[in-house]
Protein chains: 2
Amino acid sequence: MAELESNSELLTLFKALADKNRLKIIGLLAQQSHNVEELASALSIGASTVSHHLSVLSKAGLVEGKVQGYYSVYSLQTRPLETTAKYLLHWDELKGLASDSAGEDVFERKIIATFVTPEGRIKAFPVQEKKVLVLIRYMLREFKPGIEYTEKQVNQMLAKFTKDTARVRRAFVDYKYMAREGGGGKYWRI
Amino acid sequence: MAELESNSELLTLFKALADKNRLKIIGLLAQQSHNVEELASALSIGASTVSHHLSVLSKAGLVEGKVQGYYSVYSLQTRPLETTAKYLLHWDELKGLASDSAGEDVFERKIIATFVTPEGRIKAFPVQEKKVLVLIRYMLREFKPGIEYTEKQVNQMLAKFTKDTARVRRAFVDYKYMAREGGGGKYWRI
DNA sequence: AATTTATTTCGATGAATATAGAAATAAATT
DNA sequence: AATTTATTTCTATATTCATCGAAATAAATT
């Protein structure tokens with residue numbers, strides 16, 4: 001498995017970790033290297049099954065086996081565990097997991113990547129109207145159709161994106177993404 | 001899921017992460033909260049299937065849903081990801097994964113826990129012979145039956161456990177765990 | 001070369017689970 | 001209260017995958 005984890009590599013890694021006996025194998029190998037039969041008897045399962053598990057773990061880069069006399073001795077490789085762990089810690093990178101699904105188009109994604117922090121706040125508003133609109137729609141997603149929000153609620157929900165909540169609220173209305181009731185100040189998506 | 005991860009909690013977490021569509025859901029929720037239908041259309045799968053996936057993720061503590069008008073809006077919970085990541089980084093704790101398998105008995109495990117560092121080195125040799133023997137057998141596991149090792153190899157393999165390799169090598173022979181050929185200095189397990 | 005030993009591959013079976021569609025539930029609007 | 005809308009639960013089906021035993025492979029000893 002390469003150092004840079006693609007989505008499918010992450011998937012094979014999690015799949016490799018998603019089995020009781022494979023976790024036990026990892027635990028045993030974390031103590032000491034073992035050959036196939038030792039693992040089989042420790043887990044009370046067949047040697048061919050252990051061999052299968054080791055192959056799965058090996059494809060995920062989690063173990064490495066080397067022939068030593070009659071036996072092939074397997075040892076734990078901790079690097080993939082470490083890189084995965086760091087990856088999970090910077091969970092903002094998890095956004096990439098959705099990449100191959102048809103959510104945003106390429107242009108929009110680029111704008112968002114440029115003008116939105118990993119935490120989801122607007123760094124600054126672009127000058128070009130077209131780009132501003134991408135961000136407006138980005139924040140609009142927070143509001144579900146069919147629900148009425150008070151002006152206070154709207155401001156509250158926008159606060160996590162930017163300090164200039166009024167500007168965004170006005171943009172929602174100006175660009176006809178939201179309607180507002182004249183008096184009471186209720187907003188809803190169109 | 002509790003803060004302290006038991007083995008089975010780790011397993012449910014990895015199982016939850018071991019599916020393509022669930023990873024995509026996590027990716028989408030890392031960007032923004034979503035309701036079930038939004039996720040279903042983004043992934044091109046049925047709403048009931050998404051509901052099932054969200055239930056799996058929820059049992060693992062990875063998402064949380066709250067009712068909001070017509071919709072129930074799901075958001076990503078990053079804490080379990082963080083604790084899991086830290087757990088993987090301190091991979092010496094992975095040894096616990098093998099705990100419920102019938103490898104060592106309780107006494108031996110306790111001795112090893114006391115006198116062996118997380119990295120696998122001998123901190124110090126106990127005074128009681130019975131306890132020393134546990135450590136001797138612990139190191140003996142590194143050597144596979146049927147294979148001959150030169151004295152140099154034996155020392156080399158023991159070096160990762162202790163500086164006093166000669167003591168251990170002698171103990172192997174004294175306690176009849178290993179035999180040695182008189183002249184050439186070849187060792188093998190009995 | 002023949003034999004012994006450990007591991008891997010192959011083929012088959014059973015269990016777990018992802019998926020869809022229908023029915024039931026819940027929440028809000030009329 | 002009846003209706004609309006979204007979600008969940010239920011039921012059934014298809015796929016994935018863990019497991020075993022047998023056969024094939026590989027490596028070392030005789």
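Basis for what follows: all heavy atoms, side chains included, without hydrogens, waters or symmetry-related copies. The chains referred to below are lettered A, B, ... by the order of the sequence lines, with proteins before strands, and numbering in each begins at 1. Computed from a predicted structure; not experimentally measured.
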Rounding to an integer number of Å, can you tell me how far [X] [atom1] sits from [N] [atom2]?
X: L11(A); N: dT16(D); atom1: CG; atom2: P; answer: 13 Å
X: H53(B); N: dT9(D); atom1: NE2; atom2: P; answer: 15 Å
X: L39(B); N: dT8(D); atom1: CG; atom2: C1'; answer: 15 Å

Now, which nucleotide makes the Watson-Crick or G-U wobble pair with [N], with each of the two distances under 3.5 Å?
N: dT29(D); value: dA2(C)
N: dG21(D); value: dC10(C)
N: dT9(D); value: dA22(C)
N: dT16(D); value: dA15(C)

Original post:
Given that S44(A) and S55(B) both sit by DNA chain D, which one's nearest nucleotide is further toward the 5' end?
Top reply: S55(B)
Original post:
Are OP1 or OP2 of dA18(D) and a side-chain N or O of K20(A) less than 4.0 angstrom apart?
Top reply: no
Original post:
Going 5' to 3' on DNA chain C, which nucleotide is the first and which the last to come under 4.0 Å of a heavy atom in chain A?
Top reply: dA6(C) to dT9(C)
Subject >> Near-ring test F115(A)/Y138(A), centroid separation under 6.0 angstrom >> reply: no
Sugar-phosphate only, base, or nothing, as touched by [X] at under 4.0 Å among non-hydrogen atoms:
X: T49(A); value: base
X: H52(A); value: base
X: S48(B); value: base

Original post:
If you look at every heavy atom in V63(B) and Y74(B), which pair is closest and at what distance?
Top reply: CG2-CD2, 4.0 Å
Subject >> Distance in Å, L17(B) CG paired with L23(B) CG, rounded so as to fall on 0.5 Å steps >> reply: 6.0 Å
**OP:** Would you mind checking if K186(B) and E151(B) are paired as a salt bridge, meaning a charged N to carboxylate O distance below 4.0 Å?
**Re:** no
**OP:** Please say which of Y187(B), F161(B), Y149(B) ends up in a ring pair (Phe, Tyr, Trp, His ring centres under 6.0 Å) with F143(B).
**Re:** Y149(B)
Subject >> Sub-4.5 Å side-chain heavy-atom contact between Q31(A) and R141(B) >> reply: yes
Subject >> Heavy-atom side-chain proximity of D19(A) to H53(A) below 4.5 angstrom >> reply: yes
